[in-house]
Amino acid sequence: MKKMIFAVALAALSLGMTSCNDDKESTSILTLPMPAYNLVTSLDGNSCATSLCYYTVTMTYPGNLMTLASEQVKTTGTSTLYFATGKLTPKVEQAQVDGTSRETLSFSALNASEAGSAVTNLDGVLTQAVYLPKVNEVPGYEVLVPVSSGHYLFTQYNIDGKWKISTFWPDLTYKGSTTTRFPGQTEPFVTEGISYRLVMKRNLDNSITDKADIIFYDAQFAPQAPALKAVVLTDLKLEFAPGGFRVSGTNIVPKVLMDGNVLTDNSRFTFDRFEMNSAGQLTGAAINYSVAGKYTGIFSGSCVAK
């Protein structure tokens with residue numbers, strides 16, 4: 001599976017060593033430049049906007065102390081803000097993703113500021129425990145990751161008492177439980193085998209457009225039906241609102257991945273409607289859809305493993 005690392009993060013990890021006092025334990029300082037997209041909402045709820053933001057995460061060892069900073073937090077107006085937190089003590093955990101142990105650092109602070117704008121109600125995770133698409137490639141969809149270390153930043157905070165910031169990433173894969181129903185079915189079909197990839201489309205300047213594609217992997221809608229390697233819904237409507245996003249469309253002819261990794265239109269299984277809404281800290285998703293006037297599906301899941 002090809003991965004495309006975000007442009008400015010090609011050299012994402014740098015490790016600096018400094019010595020603290022003679023004959024005492026040395027200190028390791030690790031700095032991680034971290035791109036993320038901000039959903040900025042005015043606290044009065046009247047406006048919201050998205051923008052690319054570059055954060056700097058600094059870890060100091062021993063002590064597992066963490067700081068978070070950015071010099072380019074754009075608001076819903078024209079201003080750009082700077083902040084740097086004081087030292088945070090993240091909770092370090094491991095999560096299993098497809099049989100591999102991945103690192104998650106959870107952090108929070110009611111009043112986090114040390115310099116720049118006032119940051120309050122900070123809550124977030126810096127995590128490698130993010131689901132990735134299956135190895136079978138869908139033509140034209142390289143995987144976009146923030147940094148080569150595989151970390152993603154999902155955080156929420158208020159800044160200067162005027163705006164709420166929630167970070168997200170435009171290429172994420174969600175896993176969870178799907179329940180489908182069709183006429184004549186005595187019991188619903190429940191599966192955790194379908195994963196859903198959201199690909200938000202971007203402009204050349206990396207800003208988010210108003211369109212998104214959805215890819216179903218291992219799409220099986222009934223126990224007697226075969227699992228399709230991939231089903232792709234293209235050019236769905238992408239909308240942001242205070243606190244989250246919505247992806248929707250009607251009368252969508254899906255593209256199905258056939259042998260030879262070729263995408264082919266399949267009008268027999270036209271999606272009458274599709275809707276996806278963000279949930280939680282922009283890491284969760286709720287999906288519902290109907291297909292060909294027969295199948296209905298609902299999904300609830302997350303892009304981050306617990």
Side-chain angles (χ1 to χ4, degrees), residues 34-55 68 70 72-81 83 85 104 106-113 117-127 130-131 146 152-176 196-202 206-214 236-249 273-289 298-306:
M34 174 61 61
Y37 280 83
N38 286 349
L39 173 59
V40 185
T41 302
S42 60
L43 288 181
D44 60 16
N46 290 332
S47 60
C48 70
T50 62
S51 60
L52 177 60
C53 185
Y54 298 96
Y55 292 89
L68 181 67
S70 178
Q72 41 186 250
V73 179
K74 296 179 181 178
T75 68
T76 57
T78 58
S79 60
T80 299
L81 306 178
F83 78 88
T85 71
T104 292
S106 304
F107 54 90
S108 63
L110 288 178
N111 295 286
S113 305
S117 293
V119 170
T120 58
N121 297 327
L122 174 68
D123 185 34
V125 293
L126 178 68
T127 181
V130 172
Y131 296 116
Y152 292 69
L153 177 66
F154 299 106
T155 186
Q156 294 181 341
Y157 57 91
N158 294 345
I159 191 163
D160 280 349
K162 297 179 181 179
W163 299 277
K164 178 179 180 179
I165 311 293
S166 301
T167 65
F168 65 97
W169 192 247
D171 185 352
L172 292 171
T173 299
Y174 298 80
K175 291 189 176 183
Y196 301 82
R197 181 179 172 191
L198 167 63
V199 181
M200 298 180 184
K201 295 190 175 183
R202 297 173 298 135
N206 288 318
S207 61
I208 301 294
T209 74
D210 61 354
K211 297 293 182 182
D213 295 350
I214 297 288
L236 302 181
K237 184 178 183 181
L238 171 62
E239 302 169 280
F240 288 91
F245 60 81
R246 177 176 180 261
V247 179
S248 62
R273 57 176 178 80
F274 176 93
E275 183 174 331
M276 173 183 186
N277 289 285
S278 60
Q281 201 174 60
L282 298 190
T283 57
I287 296 173
N288 67 83
Y289 51 86
I298 57 172
F299 165 84
S300 179
S302 175
C303 63
V304 177
K306 304 299 184 183

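Computed from a predicted structure; not experimentally measured.
Judged as a side chain to side chain contact (heavy atoms under 4.5 Å, CB included), and not counting sequence neighbours, the contacts of Asn111 are Thr120. Scored by the ring pair (Phe, Tyr, Trp, His ring centres under 6.0 Å) test, Tyr196 finds Phe216, Phe299 as partners (sequence neighbours excluded). Take Arg246 and apply the side-chain hydrogen bond (donor to acceptor under 3.5 Å, both in side chains) test, not counting sequence neighbours, and it matches Glu239, Ser248, Glu275. Considering only residues two or more places apart in sequence or on other chains, Phe168 meets the ring pair (Phe, Tyr, Trp, His ring centres under 6.0 Å) condition with Tyr37, Phe240. Applying the salt bridge (charged side-chain N to carboxylate O under 4.0 Å, His left out) test to Asp171 and every residue at least two apart in sequence or in another chain returns Arg197. In this view, Lys175 and Asp98 satisfy the salt bridge (charged side-chain N to carboxylate O under 4.0 Å, His left out) rule, not counting sequence neighbours.
Looking at every heavy atom in both residues, Met34 comes nearest to Pro146 through SD-CB, 4.0 Å. What you find for Ser117 and Ser113 is that their closest heavy atoms are O-OG, 3.2 Å. Residues Ile208 and Pro170 share a closest heavy-atom pair of CD1-CB, 3.9 Å. Of all heavy-atom pairs spanning Thr209 and Arg202, the tightest one is CG2-C, 3.7 Å. Among all heavy-atom pairs drawn from Phe154 and Trp169, the shortest one is CE2-N, 4.4 Å. Pairing each heavy atom of Gly244 with each of Leu282, the nearest pair is CA-CD2, 3.8 Å.
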Audit row: Ile165, Ile159, side chain to side chain contact (heavy atoms under 4.5 Å, CB included) steps and yes/no: CA-CA 8 Å; Ile165 311 293; Ile159 191 163; 4.2 Å; yes
Stepwise side chain to side chain contact (heavy atoms under 4.5 Å, CB included) test for Asn121 and Leu110: CA-CA 4 Å; Asn121 297 327; Leu110 288 178; 3.8 Å; yes
Leu153 and Leu68: CA distance, side-chain angles, deciding distance, side chain to side chain contact (heavy atoms under 4.5 Å, CB included) verdict: CA-CA 10 Å; Leu153 177 66; Leu68 181 67; 4.1 Å; yes
Side chain to side chain contact (heavy atoms under 4.5 Å, CB included) evaluation trace for Tyr174 with Ile214: CA-CA 11 Å; Tyr174 298 80; Ile214 297 288; over 6 Å; no
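Here the side chains of Thr155 and Gln281 are not in contact, with every heavy-atom distance at 4.5 Å or above. Side-chain contact between Tyr152 and Leu172: present, with at least one pair of heavy atoms (C-beta onward) separated by less than 4.5 Å. At least one side-chain heavy atom of Leu198 sits under 4.5 Å from a side-chain heavy atom of Met276. Two residues are said to be in side-chain contact when any heavy atoms from C-beta on lie closer than 4.5 Å; Thr85 and Leu122 meet this criterion. Looking at heavy atoms from C-beta onward, Phe83 lies in side-chain contact with Val73 at the 4.5 angstrom threshold.
Open room surrounds NZ on Lys74; 12 or fewer heavy atoms of other groups in view lie less than 6.0 Å from it.
Donor-acceptor pairing under 3.5 Å is lacking for the side chains of Thr167 and Asn38. At a cut-off of 3.5 Å, with distance as the only test, no side-chain donor of Trp163 or Thr41 sits close to an acceptor on the other residue. A donor-acceptor pair shorter than 3.5 Å cannot be found between the side chains of Ser42 and Thr76.
A donor-acceptor pair under 3.5 Å is absent between the side-chain atoms of Asp160 and the main chain of Lys162, judged by distance alone.
With respect to Lys201 and Asp213, a salt bridge is recorded, a charged nitrogen being found less than 4.0 Å from a carboxylate O.
The structure places SG of Cys303 at 9.0 Å from OH of Tyr131, a figure rounded to the nearest 0.5 Å. Atom CG of Asp123 is separated from atom CG of Asn158 by 11.0 Å, given to the nearest 0.5 angstrom.
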